[in-house]
K.L.:
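So that we are looking at the same thing, I have put the structure below in structure tokens.
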Amino acid sequence: MADRTAPNCHLRLEWVYGYRGHQCRNNLYYTAAKEIVYFVAGVGVVYNTREHKQKFYLGHNDDVISLALHPERVLVATGQVGKEPYICVWDSYTVQTVSILKDVHTHGIACLAFDLEGQCLVSVGLDSKNTICVWDWRRGKVLAAAPGHTDRIFDISWDLYQPSKLVSCGVKHIKFWSLCGNALTPKRGVFGKTGDLQTILCLACAKDEVTYSGALNGDIYVWKGINLMRTVQGAHGSGIFSMNACEEGFATGGRDGCVRLWDLNFKPITVIDLRETDQGYKGLSVRSVCWRGDHILVGTQDSEIFEVVVHDRNKPFLIMQGHCEGELWALAVHPTKPLAITGSDDRSVRIWSLIDHALIARCNMEEPIRCAAVSTDGIHLALGMKDGSFTVLRVRDMTEVVHIKDRKEAIHELKYSPDGAHLAVGSNDNSVDIYGVVQRYKKVGECIGSSSFITHMDWSTDSKYLQINDGSGRRLFFRMPSGKEVTNREELKLVQWASWTCVLGPEVNGIWPKYSDINDINSVDANFNNQVLVTADDYGLVKLLRYPCVKKGAKFKKYLGHSAHITNARWSHDYQWVITIGGADHSVFQWKFVPERKSKEALHIAPQETLADSNSEESDSDQSDVPEMDSEIEQETQLTYRRQVYKEDLPQLKEQCKEKQRVTAMKKRERAPGSGVKLHFVHGYRGYDCRSNLFYTQTGEIVYHVAAVGIVYNRQQNTQRFYMGHDDDILCLAIHPLKDFVATGQVGRESSIHIWDTETLKPMSVLKGFHQLGVCALDFSADGKRLASVGLDDNHTIMLWDWRKGEKLSAMRGSKDKIFVVKINPYLPDKLITAGVKHMKFWHKAGGGLIGRKGNMGKTETMMCAVYGWSEEMVFSGTCTGDICIWRDMFLIKTVKAHDGPVFSMHALEKGFVTGGKDGIVALWDDTFERCLKTYAIKRAVLAPGSKGLLLEDNPSIRAISLGHGHILVGTKNGEILEVDKSGPITLLVQGHMEGEVWGLATHPHLPLCATVSDDKTLRIWDLSPSHCMLAVRKLRKGSRCCCFSPDGKALAVGLNDGSFLIVNADTLEDLVSFHHRKDIISDIRFSPGAGKYLAVASGDTFVDIYNVMSSKRVGVCKGCLNYITHLDWDKRGKLLQVNTGAKEQFFFEAPRGKRQTIPATEVEKIDWSTWTCVLGTSVEGIWPVISEVTEVTAACLSNDRKVLATGDDLGYVKLFRYPVKGKYAKFKRYVAHSTHVTNVRWTHDDSLLVTVGGGDTCLMIWAHEPEGHREFKLCDSEESDIESEDDGGYDSDVTRENEINYTIKALSTNMRPMTGVKPHLQLKEPSVDESMSTGKP
């Protein structure tokens, strides 16, 4: 039975024994409903004493250490510890979260307090500065923050009579704060002569600027303003831990075990000494008091809660007990009664009734207790001690039977045999001793053979075998009672075990994660009846798995509550409950087991909301038979968009290269060229890994993105305008409801989101510095004020922004797996949904956090798109299997089959919906998805005559759909943008290459055409003249990396990735000849100039073959290169070849035989080259950047007038240099539009256009060449070069020094690129050449 799914049954927290009294103060209050609120471990508890019921708040994920009650006494704020601790404000009636406050404190939150109105909350952190923070807690906003004190702060309170005044106290100080604007300013309290400077533990504010405070020596210090006015000496015998103000006056509680009541002027009313009462004991210490009417609540250091009625103050009621401070390890359950027995380092053993939820007996021992066991008849209780002894008591009256000490190290585990005859005692001395019960516990055997301490053991049902686990991860078997080790495993085949509490063995393989060898699971217990297993681990998780679970990494359900390590977990004797005990939090949790059939009925109860889902995260799918993933989605989920070098890293890399620069800075560097280029047209659309990124703007233009460019395309004029603010791949695009602004998110180490205007192309707001690695989904709210975004970090963090102000409203971890879409509810902007891989979640904003609930469907499918419908609770999502899921709130109502294959895009209309899928069909639906009104198939047959290109295939996968202006706009995976008329005809507007890298590029020798080839196995011819369209396309057998026109433009040579190449007719693209002489990729291919008699073909296996085109024969081979060939160029005569290799070598070969020549550098410059596309040599030395170790210059091309050299590099920059580029690190103009590496650049035959292709971004960009004297419109287009050393000689030495001082402020070091410039029609005059040169560095 190797079922790897999670079990269908579950656990529900029913009771928590204990109260956190140690290291905490003032954490126990009456709510408005007269319930008691406090916390223990990581759980907020609301305890109704009249009905003896508990409710739990489970929103924390670590120890809670502070609590404050709202003045209306319904809401509670709790603060926790942890690396990124947060504060939860929750409702004590519904135990649901109202707000989450996060991202400010570190280490933990020591104190909390609400102000009189309950609008503001103040918190104190546990960081080194004890930061004090004032929150507008409903919005999750920090109003003010300031360092609190250098030492610990114990209490903080608002002055209830003067607004915006606070008092804090702690180790040797008291401070009076005033809040003004967003500034918190402190004044230290002056102790003066009136009292000693000492630690103040608690405080309460009264009217007329009077503050009462409790000191460590038991005095009350009374303050007026900031001065100590008087002291009340000896109010308590020692430290006053708690002070509580109410209508009648004040209550104080101290370490001396007394509670004192005072009137409003701090005159004593009465004293209650709890040590003297029936339940009292020596050393009782009060940590918390709360006085309401005639009831007083008292919390003690030792985890008890007393309730005292003022009239009858000598008889306090003990209403809650727990273990005191110290680790809690021992747990046993009674074999026949609903009792649990625990023993702890506080030396007490306690018996709890699981039915009455109460302590029924306790007994103090001499030593700390580490383990416990009850004999099978339920008469004896054995306790293993830390000092190596063990004691046996009678359960009935806790009297001692025997006390035996045979070992020096702690006893970690002991168990009675099922027949009741023997007791096995396992110690940290690496051995197990066997004692005979009837012989008054005489030692009858010893098991030796373990190399480490004993951790777990189990008896067989016939009491003949014992299996043990030890600390080194070994599993051993012994014969009983002699203790002889069983080495022959055959005889164990048929053994049945009476219990299973071991963590090792085939039956429990699945409790360990797939790749872990760590010992972080402390306890296991199997429930044979229901075939489930419970485990307890070091992370505070209780997990439920199927038993047996044989395969590693089994699916489970997990439950939070314990904060740190859980030391033990056991089923009760009748399997109704699971008891777990926490080591450090020394609390006892009782969980009700809800078997499978009951779970179904329990569905109508609102699911207990937790921030960490109670279903396991790591095992998201509860199904083991995961359906086969669609290939496209599979590809996409693999994409990580990681970069070796992010553009943000460049400044640092340049810093490291400073020395290299210094040397060369003395030499005169080549200046930047006079002419520039301006982006003119881009062929491409990013469809292969993005969805819903194509929209109509207000004016009927079309906005989309490709590479690092936001594009606004005018379909009437066939022109494009560009938003160039990004510097790396844009991954998502959302449009504002008014259709005038667009938000785009990009890849980057600290990625940014730009919101820009589609008319002016100016940024309205840039949101930076929160998302790591990239932004993969965006959505505007219906009022346009908010923006939701999802990051590419491992947790796929979800953020909610007020984008105009640039402020983050809320954030929360989204999911381990990829999230494809986020949508804000159009009716309630506080709600949103996310959908992605095996993920559909419904979120609502709670202060600075978001609370998410999983959509309620059997197994969560992968969702590719989602929209809100015609009312606030209706949501429609498209799955990877072609269904549309219809949700109400978070419940799945029904599914409708819509497409074959995934539904990638969907759009809501006023009446109805439109969807598009992998099957290439656009479908229109009515508003309930009952009827499909119309479908449009994207086919070549229906392409309208005005199309700007050709469809590569029928029914391409549809990735984006949008409606407007009487048309449906469709974006496909193949990089095409189509406009579908409602009546049927389809117009193709824009297209680029499909997924795969584009490397090959050639411009026509005398027409404005170019050819490209790509790994997508296509060869395409593009018209560069005003029509901007793809003229022809043909499929190739293989991907291809290079191509070249013959000098007359009639033939076109294409080199393929399998080592073959073909020559095709440049007009019809039909094959003329093809050859296959090499195994490795053909990396460059060139016709000789003039008549084009020879063709040079360079391959990855280090050879250049020379073919005679007329006779179609290979006439020469150039040998001698040591690395793959990257670039080729012919000289004007067609007699000499220049070759570059991947190892940065430069070679020369004579054509046609291929003999290698050695030519000195001085001569090379004199040779008249027909083309220059090489990147090595003295004449192009300056094109390599300072940080050339990190980035490669992949392509270069010299203009036909020999003045400007264009280069493309791995960082996506297109640069222009003045030719020849002699001397290192020449100045240049640089342009960012491609996202990753620019793989090829070419000038057209008349130098009017520069054409570039960008590897992975699949696009072909056309740049207009603007000769000198023509002012560049946008300075941001052209940036000055890497090193800014002036040509006019050095500076004065002081100036130099000052110049080199680095004033970097972390927050400001990522500067935005300036976006200035004058639009063409607003420019008054053509500036002179000097002026345009002097508009130097942006």
Side-chain angles (χ1 to χ4, degrees), residues 677-687 690 692-727 729-746 753-766 778 780 784 787 803 948-949 959-971 975-979 987-992 1026-1029 1231-1235 1257-1264 1273-1274 1276-1277 1313 1315 1317-1322:
V677 295
K678 175 167 179 280
L679 192 55
H680 179 58
F681 203 87
V682 178
H683 291 284
Y685 153 71
R686 182 144 189 165
C690 300
S692 307
N693 53 355
L694 172 65
F695 299 98
Y696 283 109
T697 66
Q698 234 172 15
T699 52
E701 294 179 305
I702 291 167
V703 61
Y704 59 97
H705 65 88
V706 66
V709 192
I711 300 180
V712 182
Y713 172 77
N714 183 318
R715 58 196 208 285
Q716 281 78 26
Q717 298 162 359
N718 191 31
T719 55
Q720 293 177 341
R721 308 195 332 274
F722 309 103
Y723 177 71
M724 310 278 284
H726 288 283
D727 60 7
D729 271 326
I730 299 176
L731 294 182
C732 52
L733 182 149
I735 195 157
H736 189 278
L738 298 176
K739 310 251 184 282
D740 51 355
F741 299 153
V742 165
T744 43
Q746 71 163 56
I753 300 166
H754 291 227
I755 294 96
W756 45 280
D757 185 321
T758 56
E759 266 315 291
T760 64
L761 303 172
K762 291 244 163 58
M764 314 297 295
S765 178
V766 176
L778 289 166
F780 280 102
L787 180 71
W803 62 267
K948 299 273 180 267
R959 306 300 292 246
I961 286 193
S962 162
L963 276 86
H965 304 274
H967 296 286
I968 305 173
L969 199 52
V970 174
E976 297 132 351
I977 296 180
L978 310 151
E979 197 168 51
T987 317
L988 195 149
L989 303 175
V990 176
Q991 73 187 133
S1027 74
H1028 292 306
C1029 63
Y1231 304 90
V1232 184
H1234 287 292
S1235 49
D1257 63 24
T1258 69
C1259 52
L1260 167 68
M1261 296 197 181
I1262 298 159
W1263 307 76
F1273 300 140
K1274 284 220 203 88
C1276 77
D1277 263 3
R1313 297 186 29 223
M1315 301 291 169
V1318 189
K1319 297 235 287 292
H1321 59 277
L1322 298 175

K.L.:
In terms of relative ring orientation, are Phe681 and His683 parallel, tilted or perpendicular, with 30° and 60° separating the classes?
P.N.:
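Phe681 vs His683 ring planes: tilted.
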K.L.:
Apply side chain to side chain contact (heavy atoms under 4.5 Å, CB included) to residues Val682 and Leu1260 and explain how you reach the verdict.
P.N.:
CA-CA 6 Å; Val682 178; Leu1260 167 68; over 6 Å; no
K.L.:
Could you tell me if the side chain of Tyr723 sits less than 4.5 Å from the side chain of Lys762, heavy atoms only?
P.N.:
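No, every pair of side-chain atoms sits at 4.5 Å or beyond.
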K.L.:
Going by heavy atoms in the side chains, are Ile1262 and His1028 under 4.5 Å from each other?
P.N.:
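Heavy-atom side-chain distance check passes, below 4.5 Å.
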K.L.:
For Trp756, check side-chain hydrogen bond (donor to acceptor under 3.5 Å, both in side chains) against everything at least two apart and list the hits.
P.N.:
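So Trp756 forms a side-chain hydrogen bond (donor to acceptor under 3.5 Å, both in side chains) with Thr744.
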K.L.:
From Arg686 CZ over to Leu694 CG, what is the distance, rounded to the nearest 0.5 angstrom?
P.N.:
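Arg686 CZ to Leu694 CG: 15.0 Å, rounded to 0.5 Å.
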K.L.:
Using a 4.5 Å cut-off on heavy atoms from C-beta on, say whether the side chain of Phe695 contacts that of Leu969.
P.N.:
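Leu969 does not reach Phe695 side chain to side chain.
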K.L.:
Is there a side-chain contact between Met724 and Val1232 in this structure, where contact means two heavy atoms from C-beta onward sitting under 4.5 Å apart?
P.N.:
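Met724 does not reach Val1232 side chain to side chain.
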K.L.:
Identify, with sequence neighbours excluded, every residue that meets side-chain contact (heavy atoms from CB on, under 4.5 Å) alongside Cys732.
P.N.:
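Val775, Leu778.
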K.L.:
Tell me every residue that passes side-chain hydrogen bond (donor to acceptor under 3.5 Å, both in side chains) with Gln991, counting only those two or more places apart in sequence or in another chain.
P.N.:
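Expected list: none.
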K.L.:
Just verifying a value: how many Å separate Leu988 CG and Cys1029 SG, rounded to the nearest 0.5 Å?
P.N.:
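Between atom CG of Leu988 and atom SG of Cys1029 there are 9.5 Å.
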K.L.:
How long is the gap from CD1 on Ile755 to OG on Ser765, to the nearest 0.5 Å?
P.N.:
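Atom-to-atom, Ile755:CD1 and Ser765:OG are 4.5 Å apart.
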K.L.:
Do you know which two heavy atoms are closest between Cys1259 and Gly684, and how far apart they sit?
P.N.:
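Taking every non-hydrogen atom into account, CB-CA, 4.2 Å.
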K.L.:
Kindly determine whether His1234 and Asp1257 satisfy side-chain hydrogen bond (donor to acceptor under 3.5 Å, both in side chains), including the steps that lead there.
P.N.:
CA-CA 7 Å; His1234 287 292; Asp1257 63 24; 3.1 Å; yes
K.L.:
Hey, what do you get for CD1 (Ile977) to CZ (Arg715), rounding to the nearest 0.5 Å?
P.N.:
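Taking CD1 in Ile977 and CZ in Arg715, the distance rounds to 12.0 Å.
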K.L.:
Applying side-chain hydrogen bond (donor to acceptor under 3.5 Å, both in side chains), name anything that partners Ser692, two or more places apart in sequence or on another chain.
P.N.:
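Scan of Ser692 (side-chain hydrogen bond (donor to acceptor under 3.5 Å, both in side chains), adjacent residues dropped) gives Ser905.
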K.L.:
Could you give the distance from CD (Glu976) to CG (Leu978), rounded to the nearest 0.5 Å?
P.N.:
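It is 6.0 Å, given to the nearest 0.5 Å.
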K.L.:
Mind checking what makes side-chain contact (heavy atoms from CB on, under 4.5 Å) contact with Thr697, not counting sequence neighbours?
P.N.:
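Thr697 satisfies side-chain contact (heavy atoms from CB on, under 4.5 Å) with Thr699, Glu701, Val703, Thr758 once adjacent residues are dropped.
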K.L.:
Would you indicate whether the side-chain heavy atoms of His680 and Trp1263 approach each other to under 4.5 Å?
P.N.:
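Side-chain contact under 4.5 Å: no.
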K.L.:
Decide yes or no on side chain to side chain contact (heavy atoms under 4.5 Å, CB included) for Tyr704 and Val990, but give the supporting numbers first.
P.N.:
CA-CA 11 Å; Tyr704 59 97; Val990 176; 3.5 Å; yes
K.L.:
Please determine whether side chain to side chain contact (heavy atoms under 4.5 Å, CB included) holds for the pair Asp740 and His736, giving the CA-CA distance in whole Å, both sets of side-chain angles, and the decisive distance to 0.1 Å.
P.N.:
CA-CA 6 Å; Asp740 51 355; His736 189 278; 3.8 Å; yes
K.L.:
If we only count heavy atoms from C-beta on, is the Ile702 to Val712 side-chain gap below 4.5 Å?
P.N.:
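The answer is no, as the side chains (C-beta and beyond) never meet within the 4.5 Å cut-off.
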K.L.:
Can any side-chain N or O of Trp803 pair as donor or acceptor with the backbone N or O of Met764 at less than 3.5 Å?
P.N.:
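Answer holds: no.
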K.L.:
Is the backbone of Asn693 close enough, under 3.5 Å, to the side chain of Arg959 for a donor and an acceptor to pair up by distance?
P.N.:
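Not a single qualifying donor-acceptor pair exists.
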K.L.:
Which pair of heavy atoms, one from Val709 and one from Met1261, lies closest together, and at what distance?
P.N.:
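What the structure gives for the nearest pair is CG2-CE, 3.9 Å.
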K.L.:
Which value, rounded to the nearest 0.5 Å, describes the distance between Tyr685 atom OH and Ile711 atom CD1?
P.N.:
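With rounding to 0.5 Å, OH (Tyr685) is 11.5 Å from CD1 (Ile711).
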K.L.:
Let me see the working for Cys690 and His705 under side chain to side chain contact (heavy atoms under 4.5 Å, CB included), right down to the final yes or no.
P.N.:
CA-CA 10 Å; Cys690 300; His705 65 88; 4.0 Å; yes
K.L.:
Does a donor on one side chain and an acceptor on the other come within less than 3.5 Å for Gln746 and Asp727?
P.N.:
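Per modelled atom types, Gln746 and Asp727 side chains form a pair under 3.5 Å.
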K.L.:
Of all residues at least two apart in sequence or in a different chain, which pass the side-chain hydrogen bond (donor to acceptor under 3.5 Å, both in side chains) check with Asp757?
P.N.:
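Asp757: no side-chain hydrogen bond (donor to acceptor under 3.5 Å, both in side chains) contacts found.
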K.L.:
Is any side-chain heavy atom of Tyr696 closer than 4.5 Å to one of Glu979?
P.N.:
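Side-chain contact under 4.5 Å: yes.
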